[in-house]
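Working notes, structure below.
The model shown is predicted, which means the values in this text are computed figures rather than measured ones. Hydrogens, waters and symmetry mates play no part in the numbers below; they use all other heavy atoms, side chains included. Chain letters run A, B, ... following the sequence lines, proteins first, then strands; residues in each count from 1.
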Protein chains: 2
Amino acid sequence: MLDLAVLGLLKEGDLHGYELNKRLKTLVGGYATSFGALYPALARLERGGWVSSTAVVPTSDPDDPTAAGRARRTRRRSGRSKSGRTRKVYHITEAGESHLLELLQEDASNERRFRLQLAFCRFLSPDRRLELLELRRAHLMGLQARGRRNPEQSTDPYVRSLFQRDRERLEHDLAWLDRLIATERNHQQGETEPMIDRSLQIEPGPDTP
Amino acid sequence: MLDLAVLGLLKEGDLHGYELNKRLKTLVGGYATSFGALYPALARLERGGWVSSTAVVPTSDPDDPTAAGRARRTRRRSGRSKSGRTRKVYHITEAGESHLLELLQEDASNERRFRLQLAFCRFLSPDRRLELLELRRAHLMGLQARGRRNPEQSTDPYVRSLFQRDRERLEHDLAWLDRLIATERNHQQGETEPMIDRSLQIEPGPDTP
DNA sequence: GGTTACATGTAACTAGTTACATGATTAG
DNA sequence: CTAATCATGTAACTAGTTACATGTAACC
């Protein structure tokens with residue numbers, strides 16, 4: 001699962017482990033993010049050829065993707081600007097990119113994985129993306145049906161309350177997914193059936209040359 | 001976590017592994033339940049002295065806690081009624097019961113664990129139970145505060161939608177928890193402060209005697 | 001006569017957590 | 001000077017999944 005998250009983040013740009021972990025923290029819901037999992041994952045991804053790494057000595061390097069912003073503020077006094085240690089900046093390879101596309105489509109029944117899949121589904125083609133959403137929807141509908149087939153009949157109020165919340169959460173999730181799917185369909189229609197009269201439909205970009 | 005589930009289920013009555021797994025299936029939300037986890041857990045619990053087991057040869061034994069119901073329906077023809085194999089029926093020990101009480105109170109920041117804790121919180125004393133609910137509430141409030149301190153500012157619509165759902169889910173969960181806590185408090189008032197005629201000080205409940 | 005349910009278990013694997021070790025740099 | 005942040009990593013642990021092995025018995 002971390003593989004998916006790491007490759008997704010690296011697809012947006014090269015990063016080193018520490019920075020990856022910070023971004024993971026905001027992205028990942030429901031579980032912690034730890035170096036103890038991340039660094040081994042990065043090593044594994046590199047061995048597999050999905051990513052490559054470069055050791056970056058933190059001197060005042062204007063190409064440095066993360067230090068640039070801070071370096072401007074921090075008015076460095078000597079050659080080295082900040083950060084005590086050489087960083088290993090990771091870059092996603094071509095193999096890694098196609099691997100990411102695979103990871104983005106498998107399963108979707110896993111809550112955590114789907115979360116990551118959605119977070120990076122912009123890298124999928126529109127129809128693959130729709131597939132993913134539909135797959136998730138099918139899974140949730142299955143859960144709902146299963147719940148209705150054998151309804152809870154506990155006498156304990158706490159257990160009943162728990163299952164009540166489950167049902168509500170499921171409904172809410174399905175409604176949310178359906179909204180996502182609907183907008184997705186609209187956009188696809190706007191892009192695949194537009195041939196006639198584009199001039200009146202497509203909004204012009206900010207720069208009109 | 002399985003320990004908590006198993007001890008909780010056993011506290012309601014003796015069961016064998018296969019039956020435990022079935023009950024787990026309906027109880028546990030968010031993850032699968034597998035024999036591959038359950039049987040080792042049972043062995044571990046037995047080694048630790050939290051449970052004890054008895055091998056039960058499935059003859060037409062009227063004391064059998066699980067076959068009884070079926071046996072009545074199934075009109076057995078010979079000595080042995082059903083089930084191909086001897087079962088190991090587990091019983092919670094006294095040590096197990098006090099261990100269960102401990103497990104019911106630790107942490108509550110873990111989603112899955114809290115689910116189980118709530119499912120068996122009826123075994124806690126009213127004030128301990130309230131503590132548990134408050135602990136969970138504090139955790140969720142912390143999450144909410146953290147989310148508000150550094151709000152998401154992704155440009156990606158899917159990521160934004162994801163975080164939007166997170167916020168809604170948190171709110172919903174908190175409202176649900178608050179309802180639980182409120183009814184809990186009402187019940188406690190009804191049980192611990194009933195003696196004297198407090199009627200002029202404490203706001204009276206819905207029923208005025 | 002094949003599928004499903006009952007019943008217990010092991011082995012290999014996946015996934016993540018906690019705690020530790022190490023050390024530079026910077027802000028107060 | 002000391003606490004926080006940056007930065008990379010290892011080791012031991014927790015928790016659960018998938019797949020396999022093995023066999024009986026009830027149902028249709």
>> Check the orientation of A:His172 and B:His172. Use parallel for under 30°, tilted for 30 to 60°, and perpendicular for over 60°.
In response: tilted

> Do the rings of A:Trp50 and A:His99 sit parallel, tilted or perpendicular, given the 30° and 60° boundaries?
Replying inline: parallel

>> Looking only at the side chain of A:His16 (C-beta and beyond, no hydrogens), which of the listed nucleotides D:dG16, C:dA7, D:dA7 gets closest?
In response: D:dA7

> Can you list the steps and then say if B:Asp173 with A:Arg169 is a side chain to side chain contact (heavy atoms under 4.5 Å, CB included)?
Replying inline: CA-CA 9 Å; B:Asp173 258 34; A:Arg169 198 181 257 194; 2.9 Å; yes

>> From C-beta outward on B:Lys88, which listed nucleotide comes closest to its side chain: C:dG9, D:dA15, C:dA7?
In response: C:dG9

> Starting at CD of B:Glu111 and ending at P of C:dG16, how long is that distance when rounded to a whole Å?
Replying inline: 16 Å

> Counting side-chain heavy atoms from C-beta on, which of D:dT10, D:dG16, C:dG9 comes nearest to B:Tyr39?
Replying inline: C:dG9

> From C:dT8, D:dT5, D:dT17, pick the nucleotide closest to the side chain of B:Ala32?
Replying inline: D:dT17

> From the list C:dT18, D:dG9, D:dA7, which nucleotide is the closest neighbour of the side chain of A:Ser34?
Replying inline: C:dT18

>> From OH of B:Tyr90 over to C1' of C:dA7, roughly how many Å is that when rounded to an integer?
In response: 11 Å

> Checking side-chain hydrogen bond (donor to acceptor under 3.5 Å, both in side chains) for the pair B:Asp127/B:Ser125: CA distance, chi angles, key distance, verdict?
Replying inline: CA-CA 6 Å; B:Asp127 44 330; B:Ser125 68; 2.9 Å; yes

>> Does B:Gly17 reach a base, just sugar-phosphate, or nothing at all? Heavy atoms under 4.0 Å.
In response: sugar-phosphate

>> For the helix from C:dG1-D:dC28 to C:dG28-D:dC1, what angle separates the axis at the start from the axis at the finish, each from five pairs, in steps of 10°?
In response: 40°

>> Closest approach to the side chain of A:Phe35, judged atom by atom: which nucleotide of D:dG16, D:dG9, C:dT10 is it?
In response: D:dG9

>> Check the phosphate of D:dC6 against A:Lys22, side-chain N and O only, distance under 4.0 Å to OP1 or OP2. Yes or no?
In response: yes

> Is the cationic atom of A:Arg129 (NZ for Lys, CZ for Arg) positioned less than 6.0 Å from the six-membered ring centroid of A:Phe120 and within 45 degrees of its normal?
Replying inline: no

> Please give, in whole Å, the distance from C:dG9 P to B:Leu42 CG?
Replying inline: 8 Å

>> Rounded to whole Å, how long is the line connecting atom CZ of A:Arg23 with atom C1' of D:dA7?
In response: 16 Å

>> Under 6.0 Å from the ring centre and within 45 degrees of the ring axis: does the NZ or CZ of A:Lys11 meet both conditions for the six-membered ring of A:Phe123?
In response: yes

>> Within 45 degrees of the ring normal and closer than 6.0 Å to the centroid, is that where the cationic atom of A:Arg148 sits relative to A:Phe163?
In response: no

> Taking the side chain of B:Pro40 as its heavy atoms from C-beta onward, which of D:dT8, C:dT10, D:dG16 lies nearest to it?
Replying inline: C:dT10

> Roughly, in whole Å, what's the span from CG in A:Asp107 to C1' in D:dT17?
Replying inline: 12 Å

>> Measuring from the side chain of A:Arg112 (C-beta onward, heavy atoms only), which nucleotide among C:dG16, C:dG9, D:dG9 has the closest atom?
In response: C:dG16

>> Can you see whether A:Arg160 engages A:Gln164 through a side-chain donor-acceptor pair at a distance of less than 3.5 angstrom?
In response: no

> Separation of B:Asn21 atom CG from C:dT8 atom P, in whole Å?
Replying inline: 10 Å

> With respect to the phosphate group of D:dT8, does any side-chain polar atom (N or O) of A:Tyr18 fall under 4.0 Å of OP1 or OP2?
Replying inline: no

>> Distance check needed: D:dC6 P versus A:Leu15 CG, whole Å only.
In response: 14 Å

>> In whole Å, I'd like the distance from the CZ atom of A:Arg115 to the P atom of C:dG16.
In response: 13 Å

